Amino acid sequence: MSIIYDASAKTLTLHTRESSYQLQIGPLGYLLHGYYGRRAAGDFAPLHRRKDVGFSPVPYELADETRGFSPDTLPQELSGANAGDFRLSSVCVSLPDGRRGADLRYVRHEIRKGKYALPGLPAALDPDGEAETLSVTLRDEALGLEAELLYAVYESRDVITRALRLKNIGSGEMKLEKAASCCLDLPFGDWELLHFHGRHAMERQPERQSIPHGEVRISSRRGESSHQHNPFLILCGKHTTEDAGDCLGAMLVYSGSFELALEKDQMDALRLVAGIQPEGFSWTLQPGESFDTPECLLCFRHDGLNALSQRFHRFLRRDLCRSAFSEKARPVLLNNWEATYFDFDREKILSIAREAKDLGADLFVLDDGWFGRRNDDRSSLGDWFVNEEKLPGGLEELIRGVKDLGLRFGLWVEPEMVSEDSELYRAHPDWALRVPGRKPFLSRSELVLDLSRPEISDWAFETLRGLLERYDIDYIKWDCNRSLTDLCSPALTDGRQGELAHRWVLGLYSVMERITAAFPQVLFEGCAGGGGRFDAGILAYFPQIWCSDDTDPIERLTIQRGTGYGYPLSSIGAHVSASPNHQTGRSTPLDTRATVAMAGAFGYELDPGKLSEEEKARIRRQIRRFHDCERLLREGDLFRLTELADEKDYDAWQLVSAGKDESLVSLVLTHPRANAKPLHLRLKGLDPEASYAVLRYDVFDAFQPEPPEEQPKQVTGAALLYAGLTLPRMMGDYPSVQIYLKKTEE
Ligand code: DGJ
């Protein structure tokens with residue numbers, strides 16, 4: 001049993017292999033948070049002070065005898081509102097008579113096998129039948145509100161999931177103003193915040209900072225999880241490194257506007273409230289109706305950030321993603337976007353596909369520009385029929401041509417948006433979000449289809465189904481190139497417009513759920529102008545997401561590092577593109593571009609017709625190398641070999657197979673120096689008792705004044721872990737090296 005109820009101490013303890021989480025049913029039914037940390041047994045509640053700190057209100061029933069008992073200072077499992085706790089609220093409702101708040105007290109709990117479900121929302125599954133669920137019901141009798149706190153424990157994964165179900169048990173209408181997925185109080189500890197901010201083409205830049213007193217909010221109000229902030233954060237101890245120390249990750253399984261709010265209070269306790277963005281949100285519940293929040297994934301590790309990332313990676317791949325591709329080898333694809341942009345015709349596409357096949361690619365992707373009259377980004381979204389001027393003979397013929405080459409075929413779509421200049425918009429101008437009396441905002445000349453309306457999300461599903469039924473398509477790149485504005489839907493009357501942003505996301509999920517279930521053989525890749533919606537909600541349906549429109553490998557080092565703190569490498573769409581790079585103008589060696597792209601769902605995005613024979617030969621070798629290491633790259637444990645704060649002249653990372661029998665080390669030199677110090681790496685994750693053969697994939701692009709040094713044929717794991725490897729000197733702009741290690745018999 002991973003969930004234990006101790007009736008005498010009134011504690012509920014959730015154990016994973018390496019962590020424990022405790023709740024306590026306190027006086028007057030307050031549900032107190034006891035502990036979340038390294039696995040330990042016992043009753044943690046006595047650790048918490050119950051001291052009168054002044055100006056912190058005490059429940060009436062306890063007033064004089066127990067002045068120290070205040071919801072304002074005690075760690076709580078769910079923080080109410082207007083109920084004696086001045087810190088961040090996680091739930092708040094209002095009634096038509098003006099009453100507002102939430103004061104929720106314990107009623108009952110239940111422990112059961114299996115995983116709770118959140119209908120209509122993506123949430124972790126239970127593929128190995130190991131999950132156990134704890135449901136704790138609380139009530140605010142005065143306001144007629146019931147809350148069911150849902151926890152699932154995945155013991156072997158070190159992951160605990162949380163969600164909240166709110167129900168109107170009163171006799172009249174109720175409005176939810178705030179419905180967070182998770183409230184987590186950490187009464188002790190000096191926590192730092194590691195979060196992932198950015199912008200278009202520069203997503204998920206890791207930033208680690210101390211947490212000041214007051215409030216810090218990581219959030220999106222853009223209707224999508226956004227390029228700017230990610231619904232994932234890590235709290236870590238001041239001295240936590242990649243390989244040691246406490247850290248706690250919280251990840252929302254949600255793709256819409258969100259908020260991860262932190263408050264460090266007067267006594268230095270930290271509260272995290274994670275969930276749907278409360279600004280602008282409201283949800284009406286009639287008597288008997290309920291509302292489910294998105295899920296929040298929690299993982300605690302005492303042994304550093306690498307271990308934490310590895311747990312999230314495995315969990316997302318195995319327990320969250322429904323796609324059969326999640327744990328399968330993915331095709332090496334070649335996408336024509338950076339090769340042609342909108343400027344292509346049938347012959348050009350077929351010649352790129354021919355070259356792609358010759359290079360060793362498995363799948364060709366036709367990106368934007370194949371439909372309607374789409375010759376630039378100003379028209380035709382919504383008109384999902386082929387542009388016969390560009391592609392005479394239609395998609396059938398083109399696909400046949402590609403398949404005859406022995407390649408699989410992929411297609412780009414953007415089903416959530418519509419161009420003003422489109423047949424769809426002319427037929428249904430009322431399908432786009434807009435505030436009556438105002439012109440809507442345009443973004444990339446697009447408007448947003450109102451997916452909250454079932455007839456419109458059904459249209460999106462039917463359109464995609466039509467394409468997938470008619471054409472022999474193996475892969476879909478699902479793009480979304482703008483944020484949501486003009487939030488107003490004619491379907492939401494009676495003061496319900498506050499539901500729109502979340503209903504829109506539910507509409508999107510219903511399309512994704514239906515289409516992926518109907519076409520399980522199709523590999524879907526998410527995309528939102530690069531990585532504008534890189535989140536666990538999308539990854540529940542699609543096993544990979546295009547990480548960023550910035551394909552410069554040196555920029556990608558940071559973008560992919562930031563993404564990889566939470567998301568598995570196999571989910572990070574990464575392509576080798578042309579040099580000089582189209583976004584930065586930087587020139588980099590072809591092998592370095594491949595080294596970086598291999599730390600992701602690997603592919604190419606360039607015109608092979610512009611490559612020299614020598615470059616083509618190099619790409620053939622890269623693809624062979626990728627296939628050799630495919631499983632290791634997809635399933636291996638990731639170890640970052642540098643600290644975030646290090647000012648190193650290189651970035652390096654390592655993948656180690658589950659049995660520690662093989663490993664791939666990659667290093668990219670970001671700053672060559674005169675008379676450089678030796679490049680020395682201490683490796684991680686290997687078996688110290690074993691011997692490894694060390695094979696270097698040489699750096700052909702770099703100017704090497706000396707021949708590569710001879711590597712010892714066999715080295716012990718202990719030597720690689722405790723002494724490390726010294727690499728040959730590398731010079732020039734951005735060379736890289738990959739070193740493959742294989743356990744030997746003796
Ligand atoms: C944004 C994507 O990130 C690109 O890869 C490409 O598909 C364009 N959209 C096409 O419009």
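Fair warning: this is a prediction, and the values are worked out from it, not measured in the lab. Residue numbers run from 1 in the order of the sequence given. When a ligand or atom number is given, it counts from 1 through the structure's own listing order.
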TODO: Output all residues satisfying side-chain contact (heavy atoms from CB on, under 4.5 Å) with E455, sequence neighbours left out; order by chain, then residue number.
DONE: R453
Per-pair distances, ligand 1 N/O vs protein N/O, less than 3.5 Å:
| residue | atom | partner | partner atom | Å |
| --- | --- | --- | --- | --- |
| ligand 1 | 3 (O) | G530 | N | 2.8 |
| ligand 1 | 3 (O) | D549 | OD1 | 2.4 |
| ligand 1 | 3 (O) | D549 | OD2 | 3.2 |
| ligand 1 | 5 (O) | K477 | NZ | 2.7 |
| ligand 1 | 5 (O) | W546 | NE1 | 3.4 |
| ligand 1 | 7 (O) | D367 | OD1 | 2.6 |
| ligand 1 | 7 (O) | D367 | OD2 | 3.3 |
| ligand 1 | 7 (O) | W412 | NE1 | 3.1 |
| ligand 1 | 7 (O) | K477 | NZ | 3.0 |
| ligand 1 | 7 (O) | D479 | OD2 | 3.3 |
| ligand 1 | 9 (N) | D479 | OD2 | 2.7 |
| ligand 1 | 11 (O) | D368 | OD2 | 2.6 |
| ligand 1 | 11 (O) | R444 | NH1 | 2.8 |
| ligand 1 | 11 (O) | R444 | NH2 | 2.9 |

Open item on the list: Just checking F342 against W337, ring centres under 6.0 Å apart?
Closed with: yes
Task: Qualifying residues under ring pair (Phe, Tyr, Trp, His ring centres under 6.0 Å), relative to F364, sequence neighbours excluded - done: none
Task: Rounded distance (nearest 0.5 Å) linking atom CD of E635 with atom OG of S570 - done: 8.5 Å
- [ ] Please test S452 against L506 for side chain to side chain contact (heavy atoms under 4.5 Å, CB included), starting from the C-alpha separation and ending with a verdict.
- [x] CA-CA 7 Å; S452 75; L506 294 178; over 6 Å; no
Open item on the list: Suppose the criterion is ring-ring contact (aromatic ring centres under 6.0 Å, His included): which pairs have a residue in residues 571-610, not counting sequence neighbours?
Closed with: Y341-H582, W546-H575, F602-Y604, F602-F626
